Amino acid sequence: MGGLSIGKLWLIAYRDLGRNKRRSSLTLVAVALGMGLLIVMSGLIKGAVDGSVENAIRLQTGHLQVRAASYDEEKVSLEWKDLLADPDELAAQIRAMAGVRLATPVLWANGMLTGGDESVGVQVFGIDPLSEFYAPIREAMVAGAFLSPDDRSGLLMGQRLANSLELSVGDRISLVVSTADQQPDEALFTIRGLYSTGVASYDETRVFLPLPKAQAFTQTKGHASAIVVLLDRQNDADATAAALRASGQQTQGLRTLTWRDLNQVLLQAMDASAVFLDMMNLVVLAVVAIVIANTLLMAVFERAREMGILAALGMKGRQILSMFLLEAGTLGLAGIVLGLVLGGLGIVYLATVGLPIGEAAAAGEASNMITYGNVLYARFSLPDTVSLSVAGLVITLLGALYPAWFAARLEPIEALRAL
Amino acid sequence: MKVIQLQDVTRVYRIGEVETQALRGVTLDVKEGEFGAIVGPSGSGKTTMLQLMGCLDRPTSGRVFVNGKEVTQLSPSKRADLRKGTIGFVFQFFALIPGLTAYENVELPLLLIGEKAGERRARVKELLEAVGLSARARHRPDQMSGGEQQRVAIARALATHPVLILADEPTANLDTENGRQVMEIMQRLNAETGTTFIFATHDPRVIPFAQRTVELRDGKIAHDAQNA
């Protein structure tokens, strides 16, 4: 630096920022708002992504599922060859494995509900009402009571489905299913309770029966479609799946799927949304860069004479360049810190209170796949915050590069003439 | 020893389509220790001549020597290096860095040449004392009068023991009393340190301070005389 230390350059840069307080603070606010917005946005998306995956795992797929190798999810097959013959025994074995929190058999069937003059297609879930896997449903009950295992005529449905059919607790309703030998069968059920999870696909298209009743109704005789497994730790899914696959005859003819396999469509949608988020981030960062570039360019014009004096004193172009970059860096850092505070407060608020996205949005087409509830909770992500902060600083410096370069190549006499 | 030699120097400015001949063939030597004035009406080429002497600009034709060394075709970076230790500037406007105190302004050229901290401190103190502003060391430019600012500028110009100080209309923005003070300080420092001072002016009140008067008219030297 030809004897002029970074510290002294920074001192000049810093004092320059202080000299035009209004301009500096407006720029600071712009950077801070940009950063804050990015952090809140990424927190919301993170919340939506993680929340969707967690919801999907907790309400639907579990961490692992064991099914018959021939089971076709699309067809919701009820043929015995496609089902698990002795689900209770298999569930007990899986439960005995290390790291397994619970394993519960489930039977899936397609059905048709008729209430009044309306019919609606539903997915029928035959479940073990005592399993902890259904704790989220139990917690989401809004009317009536949860199923008991020996209930032979009751079912649960989502409040939204009940509303659309104008039904309430205690009403009787006709359910038609296609049985194991592909014959339709009809039975009358009493609505025992209504739940509302806030997840549209869950609240509108599902009915729950106790497993034994579902098996009898569909003539699947003790069979189940799958064992749904929750683990103590989600990260153990692959290892536990591998252990299951390796565990001998009991698992022959079976297929073990992890939450990643089971939520492929959802995860792909998440990846797509991550790309979209990156693009949004770039746009916001570009705006921040332009604000910085504009501010500094104004500063350069305003201080052309000062640049001329510094040049006359023998300061070189690259020292002047460094000075402006330091000025931008200081402004950028301060803006980022302020933005982190703003964004942090935003995240704390949105993580505790949440962002209501509205019934309509939650029930919208898109949310059939992305299964978040109707309140979106933000989540803090350290890696995202760090990378956004670094990106913010880099982009600030990039934005400063043009004005700084402009200042550095000012001819001393031109600069001095700018009175 | 010749501090400055201008040999048939011309300088043409082009602004758009318009050409302005600021200097039309000037030959001039400045000897070490001189206290000289360049006078003439506005637009006669005074500032251009100072800028060429100060290596702030390059001539359109002709040659410029500083301390016997040709500087005509030096790169901007080389010229910056040369200015750093050799030439001090005092401008018409009080050309201090607004964000820095009087002390820091005087210190700046010393930082640029990489002077050690202790020597820097001593030199800045000595210079502020020489221009009578020791008490103002911690003041920023906007807390000082025009005369005081110009005296800080003189102290700064002298900081690196340059062989030459170029002052462009140093008193133009000062009242008579402050103008006189500034001229007296420059004159005294010239006498005490032997530093060469060249100042451009059209202020008749300061011309009598000069030992030599070079008069420019339309970009040419009209008159060059040693004063009695």
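Here is how names work: the chains are called A, B, and so on, in the same order as the sequence lines, proteins then strands, and each is numbered from 1. Worth saying up front: this structure is predicted, and the values here are computed from it rather than measured.
- For the options B:A157, B:G88, B:A80, B:G85, heavy-atom pairs under 4.5 Å to chain A are most numerous at B:A80.
- Using a 4.5 Å heavy-atom cutoff, the side chains of A:V390 and A:V394 are in contact.
- Between the side chains of B:T60 and B:Y13, no donor N or O sits under 3.5 Å from an acceptor N or O.
- Interface remark: B:P162 contributes no atoms to any contact with chain A (heavy atom separation under 4.5 Å).
- For the pair B:E115 and B:R123, the salt-bridge criterion is not met [side-chain N within less than 4.0 Å of a carboxylate O].
- Interface summary for chain A: among B:P109, B:S77, B:C55, B:P76, the most heavy-atom pairs under 4.5 angstrom belong to B:S77.
- Side-chain atoms of B:Q150 and B:P170, non-hydrogen and from C-beta on, do get closer than 4.5 Å to each other.
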